Amino acid sequence: MNGQHAMDEMRLAGSSKAHALLNGSNNTENGDRAAEVDHQLAEERAHADHTVSHIYESGFKHGNFSDINVHIGTTVYRLHALILSRSPFLVHLMSISPYKGMIYLPIDQYPDVTLEAMAIALGYLYSYQAGRSLSQANARAVLASACLLGGLDELSERAYSVCKDSIRADTIEEWLAWMDAHPSPFARSPSASGVSTPRSPSPQSAQEAPGPSIYGPYAQLLRNDVLDFLVVSLPTALLAESESNKPETTAEATEALLRIFSRVSFDIFKTAMESPNFVIGSDHDRFRFAKAAIARRKQFAGRGAEESVVLAVGEGKGNVHITRKLRRKALWKVAK
């Protein structure tokens, strides 16, 4: 029995060694196969990059073998209909153009689009290399151009990301002006009672609402980003800096916030002041800040409306509410 047991152990040991050798062989083969696949992918990637680079340089930059002229103002691009067909908007223009091999791109109808940005968007139809010209200075116009042409989701995402990163204390005034020019379709509007209430997407209010934004879904994303900066990021940065310095620095931070919120639109002001995320302290602190801001806003609001703030306390929690009432025009009685 012991001899048989020893033989069995020898057989098992031999088979284990054979199995290990076999596994080693398989691992080597798998490694070689993986290296071969990586090499093939690298060759295909290099070939694709070379081809795209040639199409961009020869086709877009130099207009070689062009079959369509794209007129943008006084500028003419000699391009290629097959490449332009990536854009639904350009396909539409090519299909309705009365001139063979010629289309007019009316960017003058779109104030957010610039010639530089449209050139980047057109170039991106040819190659990602055109995106290298994207910067914080032109990102918003590039986003508008990409959304207008369509079919440029990757460029739109890149431009949006750059736009989002450009929302800072030194650019917030510019972004607030942009928000005023691109109001939300569901912005607040005065109700019949004169108190500002949310606008509902009903047929009647839809007639008053602005049309679709050229920025598509990115318009609301950017509005949200600006609001988030005003409500959270900016107060956090200013007050954090003031906490590490002298008390007068805290007053300077509060003054900076008051200066900004005294000039924003009522919709933005209301949203920020009523948000529990507004980094200013407790509800009472938020109430006092809103009251001080409203006093400042009277200089810019004009005589047509009156804003007020209320601190409603209930269930142990305080809530800040901002309202705006339209002043009724004086009625003149005609003497007989």
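Please read all numbers here as calculations on a predicted model, not as lab measurements. By convention here, the first residue in the shown sequence is residue 1.
- Taking 4.5 Å as the limit, every side-chain heavy atom of Val226 sits out of range of all side-chain heavy atoms of Ile268.
- Residues Tyr56 and Tyr124 are not in side-chain contact: their nearest non-hydrogen atoms beyond the backbone lie 4.5 Å or more apart.
- Asp225 and Tyr218 are not linked by any side-chain donor-acceptor pair at a separation below 3.5 angstrom, with hydrogens and angles left out of the test.
- Taken from CE in Met273 to CZ in Phe266, the straight-line distance is 11.5 Å, to the nearest 0.5 Å.
- Contact of the Leu79 side chain with the Tyr126 side chain is registered, since non-hydrogen atoms from C-beta on lie closer than 4.5 Å.
- Around atom NE2 of His62, no more than 12 heavy atoms belonging to other residues, nucleotides or ligands sit under 6.0 Å away.
- The shortest non-hydrogen separation linking Tyr128 to Asp49 is OH-OD1, 3.7 Å.
- Glu43 CD: more than 12 foreign heavy atoms inside a 6.0 Å radius.
- A salt bridge links Glu307 to Arg297: one of the charged nitrogens lies within less than 4.0 Å of a carboxylate oxygen.
- To the nearest 0.5 Å, the span separating CG on Asn138 from CD1 on Ile120 amounts to 4.5 Å.
- Residues Trp175 and Ser166 meet the side-chain proximity criterion, which asks for heavy atoms closer than 4.5 Å.
- Between Arg259 and Glu173 no salt bridge is recorded (no basic side-chain N to carboxylate O distance below 4.0 Å).
- Counting only N and O atoms by type, the side chains of Ser282 and Asp285 include a donor and acceptor under 3.5 Å apart.
- In terms of the salt bridge (charged side-chain N to carboxylate O under 4.0 Å, His left out) criterion, residue partners of Glu57 (sequence neighbours excluded) are, by chain and number, Lys61.
- Salt bridge Lys270/Asp267: absent, no basic N to carboxylate O contact under 4.0 Å.
- Partners of His92 under the ring pair (Phe, Tyr, Trp, His ring centres under 6.0 Å) rule, at least two apart in sequence or in another chain, do not exist in this structure.
- Side chain of Asn224 to backbone of Gln220: a donor-acceptor contact under 3.5 angstrom is found.
- A side-chain donor from one of Tyr215 and Asp112 sits under 3.5 Å from a side-chain acceptor of the other.
- Closest approach of Thr114 and Ala117 over heavy atoms only: OG1-N, 3.1 Å.
- Within 6.0 Å of the NE2 atom in His71, the count of heavy atoms belonging to other residues, nucleotides or ligands exceeds 12.
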